[in-house]
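We name chains A, B, ... by the order of the sequence lines, and we start the count at 1 in each one.
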Protein chains: 2
Amino acid sequence: MESSPKRMPTLDEVAQRAGVSRTAASRVINNAPHVSRAKREAVERAVRELGFVPNPTAQALATRRVGAVVLAVSSDEPGLFADPFFAEVIVGVSAALEPTDLELVLLLANTPRGRDRLERLLRSRRADGVMLMALRGDDPLGRLAEQTDLPVVFGGLPLTGEPRWYVDADNRGGARLAAEHFVRTGRRRPVMITGQLDTQVSAARERGFTEGLALAGVPLLGVEAGDFTEDGGAAAMERLLAAHPAPDALFTASDAMAIGALRTLRTHGLRVPEDVAVIGFNDLASARHTAPPLTTVHQPVRSLGREMARMLVGAIEGNDPGPLILPTRLTVRESAPDLPTAD
Amino acid sequence: MESSPKRMPTLDEVAQRAGVSRTAASRVINNAPHVSRAKREAVERAVRELGFVPNPTAQALATRRVGAVVLAVSSDEPGLFADPFFAEVIVGVSAALEPTDLELVLLLANTPRGRDRLERLLRSRRADGVMLMALRGDDPLGRLAEQTDLPVVFGGLPLTGEPRWYVDADNRGGARLAAEHFVRTGRRRPVMITGQLDTQVSAARERGFTEGLALAGVPLLGVEAGDFTEDGGAAAMERLLAAHPAPDALFTASDAMAIGALRTLRTHGLRVPEDVAVIGFNDLASARHTAPPLTTVHQPVRSLGREMARMLVGAIEGNDPGPLILPTRLTVRESAPDLPTAD
DNA sequence: GTGAAAGCGCTAACAT
DNA sequence: ATGTTAGCGCTTTCAC
């Protein structure tokens with residue numbers, strides 16, 4: 001047995017009750033011109049009395065505008081979304097959507113089925129636009145996104161190609177700040193833990209870090225790939241220590257990995273920051289609660305969400321807002337203090 | 001200038017191309033019976049060639065089923081949603097929705113405008129069902145949710161009244177576990193920090209804790225209200241210490257507040273767990289990273305989301321799944337170890 | 001200013 | 001098995 005959706009008052013009923021044509025009623029509701037004061041008031045009363053709310057589906061069909069945008073998070077790992085990062089993005093997106101009357105559809109495309117849905121969605125006018133995040137490698141979704149005629153805003157760049165609309169944080173610049181900080185505070189044997197190699201964020205952060213060091217003539221002792229998770233960070237740190245027993249600085253492409261690495265360092269009896277200075281990336285709440293508190297590259301995550309949504313709304317309205325790169329900065333805490341530490 | 005939504009192939013075009021009636025085409029697409037093999041194949045080919053995907057809006061209008069459910073988070077604080085708690089709920093909801101073809105609409109109703117939208121949504125058939133979370137006090141939304149004929153599943157109970165469908169964690173039972181743990185490990189001067197007094201979770205956790213203590217004949221030394229945030233927890237702890245200088249155990253209604261309280265305790269030179277044992281509530285990632293790691297009441301957050309979605313899907317399909325209470329358990333870590341600590 | 005009529009793209013009786 | 005006919009509830013020409 002199916003629940004029978006109860007009927008709600010229709011525009012015709014409003015019109016009838018107000019003693020006007022459906023056309024007039026429609027005009028009043030969309031406060032269009034060409035309606036006499038009298039009729040307008042009659043309709044308004046009827047609307048109130050009947051508790052009428054226009055049926056969005058019917059409106060969508062008639063206007064060819066759905067009134068919704070999608071935020072799609074594509075990724076293989078089921079847990080990825082649990083990262084507070086996304087919560088923060090969503091808050092930003094939601095805030096930017098608030099003044100519009102666009103609904104937010106959330107699509108976690110972590111399974112094959114989820115990806116299918118996303119794909120269908122891109123060709124089916126189920127939304128007026130799409131925000132796409134966390135694309136891995138050169139995900140075919142990227143290409144698909146170009147074929148659709150729905151506006152698509154990327155959150156972060158895909159590995160290859162440059163989409164028409166995207167918002168990204170200055171990952172390269174931020175990583176460079178980390179390198180400069182290490183150099184300035186006298187560290188000379190830095191190592192790094194990257195994210196998955198097929199992600200653009202990871203590549204950009206690695207590149208920025210390397211550049212920053214190179215500019216100061218400091219060689220990068222070693223690099224290992226993590227997967228943006230704590231455990232991945234811990235494991236990568238083990239591998240790093242096996243190959244390079246005495247690093248004096250560690251930069252990780254995410255806070256989560258830094259947290260994992262801290263664990264490993266402790267296990268090996270290495271003190272932070274005395275023996276090894278550590279810098280992470282993101283600066284979400286968790287960075288403040290590590291022991292010691294984590295120095296990290298701050299990324300304006302909420303703004304990222306906000307700007308993505310704004311850009312999408314612009315695109316839907318027919319504008320062509322260019323891409324946007326948001327600034328990053330270094331948040332210094334105890335894990336890599338600003339003054340040279342006593343060794 | 002508005003972006004002109006490009007036209008996509010329609011069912012009629014598919015039918016025409018396949019040389020069959022629209023009805024036949026429709027039948028194939030919804031793989032309904034009564035289509036000859038030949039026709040079926042012809043249609044399938046046409047679909048492939050044209051890249052046809054049915055227009056969900058039109059389907060929705062015709063079937064009176066929107067194909068979407070809403071997850072609404074009502075709250076006054078803008079930041080509340082940034083709590084990893086919700087990310088976890090969403091992962092659960094999303095997983096449960098995966099096998100269905102329901103889309104997830106996310107509504108953060110933290111502003112007046114947001115609440116308006118939620119209200120309209122409840123009367124406008126923009127979705128087939130609603131999940132409602134984090135209702136404060138006796139939010140009028142609760143009543144509204146009862147008037148609508150859309151199925152509504154509550155996540156957590158509202159302060160007053162018992163909705164037809166809800167999923168909740170066993171807050172009372174969990175809090176009781178905390179009390180018992182304190183008693184068992186020899187603590188006799190416990191204090192508590194609650195959440196906002198007008199939330200059901202807070203009330204349930206306070207009640208459970210009090211009951212647990214009462215059963216053992218241990219009096220509750222003091223209670224202060226926080227607001228589920230770190231800073232709120234820190235402030236509440238200050239007030240508690242002002243009134244009761246020497247508690248030996250602290251239970252907080254959330255991990256975030258416990259983290260704040262830890263800060264305050266440290267400031268006052270009190271050691272955890274030696275001087276004061278601390279137990280929080282939630283057991284999300286952050287609890288593992290406090291210093292010392294936090295003993296806390298574990299709540300199956302992802303399951304909560306999953307079960308809410310399942311319940312809603314059931315309700316949409318016309319079943320009447322009863323309410324559901326999910327078990328909680330104590331996760332013991334260093335902030336309140338299991339064996340009596342040496343004083 | 002006003003209303004009739006023709007869609008929007010699909011589904012669901014109801015005949016055949 | 002197949003097609004015809006009405007809708008679903010709203011918007012939008014277009015003629016008055």
Distance in angstrom units between [X] [atom1] and [N] [atom2], rounded:
X	N	atom1	atom2	value
A/R65	D/dT11	CZ	P	14 Å
B/Q59	D/dC8	CD	C1'	13 Å
A/N55	D/dG7	CG	P	18 Å
B/D12	C/dT11	CG	C1'	12 Å
A/E13	D/dC8	CD	C1'	13 Å
A/L61	D/dC10	CG	P	12 Å
B/R125	D/dC10	CZ	P	13 Å

(message) Test of understanding: with ring-ring contact (aromatic ring centres under 6.0 Å, His included), list the residues that count as partners of B/F86, not counting sequence neighbours.
(response) B/F81
(request) With sequence neighbours excluded, give me every salt bridge (charged side-chain N to carboxylate O under 4.0 Å, His left out) pair touching residues 50-59 of chain A. (result) none
(request) Name all residues meeting the side-chain contact (heavy atoms from CB on, under 4.5 Å) criterion together with B/S94; count only those two or more places apart in sequence or in a different chain, and write none if there are none. (result) A/L108
(message) Can you tell me if B/S26 touches the phosphate of C/dT11, counting only side-chain N or O atoms and a distance under 4.0 Å to OP1 or OP2?
(response) yes
(message) Does a side-chain N or O of A/N30 approach OP1 or OP2 of D/dT11 to a distance below 4.0 Å, or not?
(response) yes
(request) Note the angle between the end axes of the helix from C/dG1-D/dC16 to C/dT16-D/dA1, five pairs defining each, rounded to 10 degrees. (result) 40°
(message) Given 3.5 Å as the limit, does a donor-acceptor pair link the side chain of B/W165 with the main chain of B/P321, or not?
(response) yes
(message) Closer than 3.5 angstrom, by distance alone: can the side chain of B/D128 be matched with the main-chain N or O of B/V69 as a donor-acceptor pair?
(response) no
(request) Would you mind telling me which of C/dG9, C/dT11, D/dC8 lies closest to the side-chain atoms of A/R64? (result) C/dG9
(request) Consider the side chain of B/T63, meaning its heavy atoms from C-beta on, and name the nucleotide among C/dG7, C/dT11, C/dC10 that approaches it most closely. (result) C/dT11
(request) Examine the side chains of B/S74 and B/R115 and answer whether a donor and an acceptor come within less than 3.5 Å of each other. (result) yes
Distances for protein N or O near nucleotides 2-6 of chain C N or O, under 3.5 Å:
{"unit_1": "C/dT2", "atom_1": "OP1", "unit_2": "A/S36", "atom_2": "OG", "d": "3.3"}
{"unit_1": "C/dT2", "atom_1": "OP2", "unit_2": "A/S36", "atom_2": "N", "d": "2.6"}
{"unit_1": "C/dT2", "atom_1": "OP2", "unit_2": "A/S36", "atom_2": "OG", "d": "3.2"}
{"unit_1": "C/dG3", "atom_1": "OP2", "unit_2": "A/S21", "atom_2": "OG", "d": "3.1"}
{"unit_1": "C/dG3", "atom_1": "N7", "unit_2": "A/R27", "atom_2": "NH1", "d": "3.2"}
{"unit_1": "C/dG3", "atom_1": "O6", "unit_2": "A/R27", "atom_2": "NH2", "d": "2.4"}
{"unit_1": "C/dA4", "atom_1": "N7", "unit_2": "A/T23", "atom_2": "OG1", "d": "3.4"}
{"unit_1": "C/dA4", "atom_1": "N6", "unit_2": "A/T23", "atom_2": "OG1", "d": "3.1"}

(request) Please list all pairs passing the side-chain hydrogen bond (donor to acceptor under 3.5 Å, both in side chains) test where one or both residues lie in residues 151-160 of chain B, with sequence neighbours left out. (result) none
(request) Check each of B/L104, B/V167, B/V89, B/V152 against B/M131 using the side-chain contact (heavy atoms from CB on, under 4.5 Å) test, and report the only one that passes. (result) B/L104
(message) Looking at B/D101 and A/R117, is any side-chain nitrogen of the basic one under 4.0 Å from a carboxylate oxygen of the acidic one?
(response) no
